Asker: 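Here's a structure for you.
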Amino acid sequence: MQELITRAKALLESGEVQRVLGWKQGEHIYDPEPAFFDSAEALKDFVYNGFCGANLSKYMIEAAKLEGKTLVFLKPCDSYSFVQLMKEHRVDREKAHIIGVGCKGKLSVNKIDADGILDIQGAGYPDCADTLTVDTLYGQTTVSYKDAMLERCHVCKGKEHMVCDEQIGESADTADSDRFAQVAAIEAMSPEEKFAFFQSELSKCIRCNACRNVCPACSCRKCVFDSTKFDSTQKANTTSFEEKMFHIIRAFHVAGRCTDCGECSRVCPQGIPLHLFNRKFIKDINSLYGEYQAGVDAQAKAPLTSFTQEDAEPSIVAEGGLTHA
Amino acid sequence: MPVNQNNEEFRPVIVAFCCNWCSYAGADLAGSSRLSYPADVKIIRVPCSCRVNPMFILRAFEKGADGVILCGCHPGDCHYSTGNYYARRRMTLLFSMLDFIGVENGRTRVEWVSAAEGVKFSETMNSFVAKIRSLGKNVRLGDLRCKN
Amino acid sequence: MLKIKTADLPALYERIAQSQDLFLPVRSAGQTDFALWQKDAQVDLDTLKTVKSPKDVFFPQSETLYSCHREDGKLSVTPEELCDKPFVVFGMKACDVQGIAVLDKVFLSEPVDSYYAARRTHGTIVALACGRPETSCFCTVFGIDPAAPEGDVVTWMVDQWLYWDAKTDKGFALTDFLHDLFEPADESTVEQVKTAIRAIVKKLPYADLSLEGWGAQAADTRFDSPIWEQLYKPCLACGTCTFVCPTCQCYDIKDYDTGSGVQRYRCWDSCMYSDFTMMAHGNNRTSQMQRFRQRFMHKLAYFPANNDGVFSCVGCGRCVDKCPSHLNIVKVIKAFGKED
Amino acid sequence: MSEPMHECKYNPGFMRDTLIPQVGIITDIRTETPDVKTFRVNAPGGGKLFEHMPGQCAMVCAPGVGEAMFSITSSPTNKEYQEFSIKRCGQLTEHLHSLQPGDEIMVRGPYGNNFPVETELKGQNLLFIAGGIALAPLRSVINYVLDNRDNYGSIDILYGSRSADDLVQRKEIEEVWSKVPGVNIYLTIDREQAGWDGHVGFVPNYLKEIGFTTDKTAILCGPPIMIKFCLQALQEMGFSKEQVYTTLELRMKCGVGKCGRCNIGTKYVCKDGPVFRFDQVDELPNEY
């Protein structure tokens with residue numbers, strides 16, 4: 001972490017960058033917040049640890065509107081989002097100095113099953129422990145680092161940064177499960193089971209829009225769900241169809257652009273596995289139109305803005321050609 | 001209860017999005033050739049099959065449709081040359097998603113119907129309406145508030 | 001003071017549900033929220049904080065106000081029926097009960113909101129003392145005692161027993177209705193539990209949070225502070241904090257066309273949303289900083305100014321737990337504390 | 001109203017919740033300017049929907065389209081109907097402009113405070129300054145004052161708009177107001193125009209040219225930029241902020257100070273406003 005601060009200070013002092021976008025120490029080890037630092041002095045609050053899961057790419061849309069260069073720290077998976085935003089001309093590569101920062105898997109305090117958590121040891125970077133020691137109001141407990149990791153880290157896309165000016169720190173590939181296993185498990189269910197599963201998950205939705213607002217791919221100036229022209233009830237939380245419509249359309253609008261960064265699932269206050277929608281689209285795109293990973297190549301043709309004459313007909317769905325592929 | 005017990009009684013609401021250049025003309029031809037198709041089909045004319053946003057399909061269901069069908073020019077014949085190719089990809093993904101959340105997958109369909117295919121238009125509509133009748137009322141995608 | 005074995009609680013739920021609706025914390029798809037009790041419901045009294053506060057039992061996230069029909073060009077308006085049946089909310093924590101007291105100041109002030117008032121009239125609150133306060137709790141800062149909540153009935157969980165103490169007429173009526181399920185209990189056990197809870201609360205990290213400088217006077221002194229410009233930056237402009245908050249009461253009124261008439265409903269809204277103050281001729285809060293500031297100024301300055309110093313925050317800590325950017329009212333309060 | 005009336009248990013004095021509107025019939029529509037129409041509204045059985053005071057507002061709603069707050073432009077002294085002057089500028093107003101006499105809308109209110117016509121303003125010399133559509137809220141006061149002429153001193157009305165075609169209520173101004181003794185009317189338009197022989201120039205400048213004496217209470221209403229410069233001009237002339245009233249406008253939904261939308265500082269514009277004296281406006285945080 002000190003290395004990051006030293007480098008950031010140097011870049012600020014040399015005038016090469018006007019500000020630093022990173023993470024700021026919170027009240028505890030587990031609640032760092034994304035923050036802009038304008039001076040070397042402000043960097044005293046800079047922090048980088050296992051709980052810095054927030055993807056900073058989206059903040060770079062705003063940073064691109066500011067004077068001068070912004071230094072931003074991107075983890076390997078965040079860098080996919082940045083490339084995708086470059087492709088969509090929403091960020092300015094020239095105004096970003098990107099430090100690819102190492103990552104050994106990010107943690108979620110929600111995955112630690114303990115009341116009254118005060119402190120957690122072993123969640124630092126680069127020195128993290130296989131087992132986290134958790135001090136709580138009600139005594140000490142332990143949890144393995146892996147068990148406290150965010151879902152997205154179990155299907156890690158790898159140690160490579162897709163874009164960066166320099167790299168600091170080692171990464172680890174933390175993948176230990178099949179990215180599409182959950183999707184395939186649902187595909188194997190009967191329609192009744194599928195419907196019951198999504199009904200119980202989505203009826204928790206409170207329409208806070210956190211999934212939309214955190215999503216680096218959701219960068220429309222005016223969202224279709226904020227339009228007064230629709231009576232599709234932007235904020236009503238009814239347990240009828242409305243939530244499903246919101247979540248299907250949300251995922252559809254980012255289909256082919258979603259890098260699977262997992263921020264939607266991380267921020268959901270109700271713990272809805274929102275990444276399942278995105279990943280279903282990714283799985284279908286891969287099997288129908290060829291393997292495609294958004295955010296790898298800013299020049300690649302996106303699957304929903306291209307076609308071939310031999311594409312499958314939509315009837316493939318009714319014929320079961322997709323789920324059993 | 002996915003299958004309606006009283007199929008004779010059940011008059012489904014079917015929304016058909018038809019592209020202006022081929023399928024709408026095909027529907028016209030079906031009409032002028034006196035080919036019959038059920039009156040349950042409500043046709044909405046769109047400039048191109050590509051104009052149909054996934055939201056259109058979902059909103060049709062939300063507001064009470066029991067089945068939604070999209071008809072456009074045959075691949076290769078699009079008036080705007082490529083619109084239906086894009087529509088094809090989008091609809092494939094959307095239908096797959098609907099299947100994924102447990103919606104009976106016969107409720108949505110895409111058919112390519114040219115201006116000369118009045119017979120195909122009427123046959124398509126007849127078979128689609130029969131399919132929806134066998135599936136029964138749409139209970140999974142409708143908004144509860146529209147049910148009274 | 002009465003008591004009932006926790007193992008016998010299902011019988012108590014069933015008895016209540018025979019004659020009225022019972023809302024209590026129910027676990028579903030991995031999260032606990034207040035919900036209507038049903039026979040197969042997985043009641044969860046162990047989770048300290050439900051994701052949403054129980055405010056939506058009295059002020060639902062979405063409710064129809066009236067519907068309009070047009071026949072032969074004639075419009076008619078049919079108001080929605082007001083709640084007219086008694087119901088019970090079981091397991092509200094001290095902070096949640098105070099949250100309702102805050103909402104009362106809004107909805108029961110003139111002109112009274114009859115939808116809310118009808119629910120308040122018919123609802124009986126059974127409060128539950130907090131067994132294991134959380135790191136994010138800071139209710140004591142607002143003078144709330146989690147060991148002895150307000151409520152029509154107050155209960156404590158001790159070992160295998162639920163201790164039951166009716167406080168109001170509504171509470172006595174409910175107790176009478178259930179009397180054969182209880183056995184008499186000794187006050188001293190509860191006193192011991194209260195002492196234990198209060199001891200834990202003292203050790204909470206935010207126990208000594210200072211509200212100095214907040215309250216009515218902050219309306220003038222803190223609005224123009226440069227601190228806001230620093231604080232709001234990570235805010236995503238989502239509505240999580242608003243929707244999990246027990247005191248946020250802003251709402252929107254919208255129309256839904258059902259095909260056979262228009263339902264006008266109100267739903268929770270968030271001052272964090274960019275279109276909250278948008279009108280045809282423009283928006284008076286154009287930046288997220290202004291919207292962010294409005295939320296906290298309202299809770300910590302404007303509301304106390306209008307309500308005899310009562311803050312529109314009860315220290316439940318839900319926003320502390322749930323903010324996607326780990327931004328919250330504690331950080332706001334502390335940021336100003338540092339400057340003074 | 002067809003349904004039986006019971007007093008609302010929770011709202012003594014109200015038939016039902018204050019959020020529930022009444023059906024109103026549009027009995028007349030006057031086209032004032034290319035984008036402003038004045039709608040006359042009656043209860044379905046004839047007569048007025050409710051009583052109000054000058055400056056108060058009401059929610060006008062069209063089911064399925066929306067609901068918005070409009071100032072009531074007719075005077076309470078009019079015993080037959082209420083009027084709203086509405087400029088076409090959004091979804092709802094677009095819809096309202098498409099309506100015909102005989103069409104039904106829904107109205108709820110009245111909401112907010114009013115100009116203190118029976119207290120502070122009584123016995124005063126009054127100076128009305130308005131720009132464009134902002135004559136709408138002032139018209140109710142002006143007519144109230146004219147109908148109770150003996151209670152007030154001199155009356156000066158300064159009204160300006162972009163062009164002669166954009167002057168709202170021009171007929172009433174010329175045919176009624178200007179004929180009342182002790183009333184001075186000053187009209188101005190922003191730019192020269194064929195057929196206009198009156199004053200040309202912005203309202204604040206005209207205000208300075210005329211140079212009123214400070215023995216008056218001013219009531220100022222118009223677009224924010226006009227308000228800003230008129231207030232400056234008035235202060236240069238020696239008026240104090242306590243002598244100037246205005247109205248504020250913010251997004252409103254409930255009309256009763258609960259939905260939180262029009263909250264600014266410790267005030268709710270729908271309930272504590274829309275009428276404010278400028279020294280009160282100064283106390284509000286600067287975000288209106």
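Since this is a predicted model, take the numbers as computed values, not measurements. Lettering follows sequence order; numbering is per chain, from 1.
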Asker: Could you grab the distance from atom CH2 of W268(C) to atom SG of C208(A), nearest 0.5 Å is fine?
Answerer: 11.5 Å
Asker: So with a 6.0 Å cut-off around NZ of K65(A), is the heavy-atom count from everything else above 12?
Answerer: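 Yes, enclosed.
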Asker: By a 4.5 Å heavy-atom criterion (distance strictly below it), what part of Y30(A) contacts chain C: side chain, backbone, both, or neither?
Answerer: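 Contact with chain C is through both the backbone and side chain of Y30(A).
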Asker: Where does R212(A) contact chain C at under 4.5 Å (heavy atoms): side chain, backbone, both or neither?
Answerer: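 No part of R212(A) comes within 4.5 Å of chain C.
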Asker: Please look at P133(C) and chain A and tell me whether the side chain, the backbone, both or neither of the residue comes under 4.5 angstrom of a heavy atom of that chain.
Answerer: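 For P133(C), backbone and side chain are both near chain A.
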Asker: Show me the pairs that pass salt bridge (Lys or Arg N to Asp or Glu O under 4.0 Å) and involve residues 53-70 of chain C, at least two apart or across chains.
Answerer: K52(C)-D56(C), E63(C)-R119(C), E63(C)-R266(C)
Asker: Could you state the interatomic distance from CG (L21(A)) to NZ (K233(C)), rounded to the nearest 0.5 Å?
Answerer: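 Interatomic distance, L21(A) CG to K233(C) NZ, rounded to 0.5 Å: 10.5 Å.
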Asker: Less than 4.5 Å apart, side chain to side chain, heavy atoms only: is that true for I200(C) and Y138(A)?
Answerer: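 Yes; the side chains approach each other to less than 4.5 Å.
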Asker: Among the options G53(A), P34(A), C268(A), G26(A), pick out the one with the most heavy-atom pairs lying under 4.5 Å from chain C.
Answerer: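 With the most close heavy-atom pairs to chain C, the winner is P34(A).
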Asker: K204(A) side chain to A29(C) main-chain N or O, any donor-acceptor pair under 3.5 Å?
Answerer: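 Side chain of K204(A) to backbone of A29(C), a donor-acceptor pair under 3.5 Å: yes, one is there.
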Asker: Which distance, rounded to the nearest 0.5 Å, do you find between the CG of N110(A) and the NZ of K322(C)?
Answerer: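 One finds 5.5 Å between CG of N110(A) and NZ of K322(C).
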Asker: Counting distance only, does the side-chain N/O of N213(A) pair as donor-acceptor with the main-chain N or O of L236(C) below 3.5 Å?
Answerer: yes
Asker: Are H28(A) and P205(C) side-chain neighbours, meaning at least one heavy-atom pair lies under 4.5 Å?
Answerer: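 With C-beta onward as the side chain, the pair touches.
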Asker: With a 4.5 angstrom heavy-atom cut-off, could you sort out which part of A54(A) is near chain C: side chain, backbone, both or neither?
Answerer: neither
Asker: What is the minimum heavy-atom distance between T135(C) and L137(A), and which atoms define it?
Answerer: N-CD1, 4.2 Å
Asker: Would you mind checking which part of A42(A) comes under 4.5 Å of any heavy atom in chain C, side chain (CB onward), backbone (N, CA, C, O), both or neither?
Answerer: neither
Asker: Are any of the side-chain heavy atoms of Q270(A) and D33(C) separated by less than 4.5 Å?
Answerer: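 The answer is yes; the side chains approach within 4.5 Å.
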Asker: Got H326(C) and F51(A) here, is their nearest side-chain heavy-atom distance under 4.5 Å?
Answerer: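 When only atoms from C-beta onward are counted, F51(A) and H326(C) do not touch, as no gap falls below 4.5 Å.
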Asker: Give the member of Y59(A), F36(A), F197(A) that has the highest number of heavy-atom pairs under 4.5 Å with chain C.
Answerer: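 The candidate making the most pairs under 4.5 Å is Y59(A).
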Asker: Find the distance between NZ (K331(C)) and NZ (K24(A)) and round it off to the nearest 0.5 Å.
Answerer: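 The NZ atom of K24(A) is 7.5 Å from NZ of K331(C), to the nearest 0.5 Å.
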Asker: Between the side chain of Q61(C) and the main-chain N/O of I206(A), is any donor-acceptor distance below 3.5 Å?
Answerer: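 Flag set: sc Q61(C) to bb I206(A) pair under 3.5 Å.
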Asker: What are the two closest non-hydrogen atoms of T240(C) and A210(A), and how far apart are they?
Answerer: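 Looking at all heavy atoms of both residues, the closest pair is OG1-CB, 3.5 Å.
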Asker: Could you measure the distance from the CZ atom of R207(A) to the SG atom of C238(C)? Nearest 0.5 Å is fine.
Answerer: 13.0 Å
Asker: Quick one: pull up CG in L231(C) and CD in E33(A) and give me the separation to the nearest 0.5 Å.
Answerer: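 Between L231(C) CG and E33(A) CD, I get 7.5 Å after rounding to 0.5 Å.
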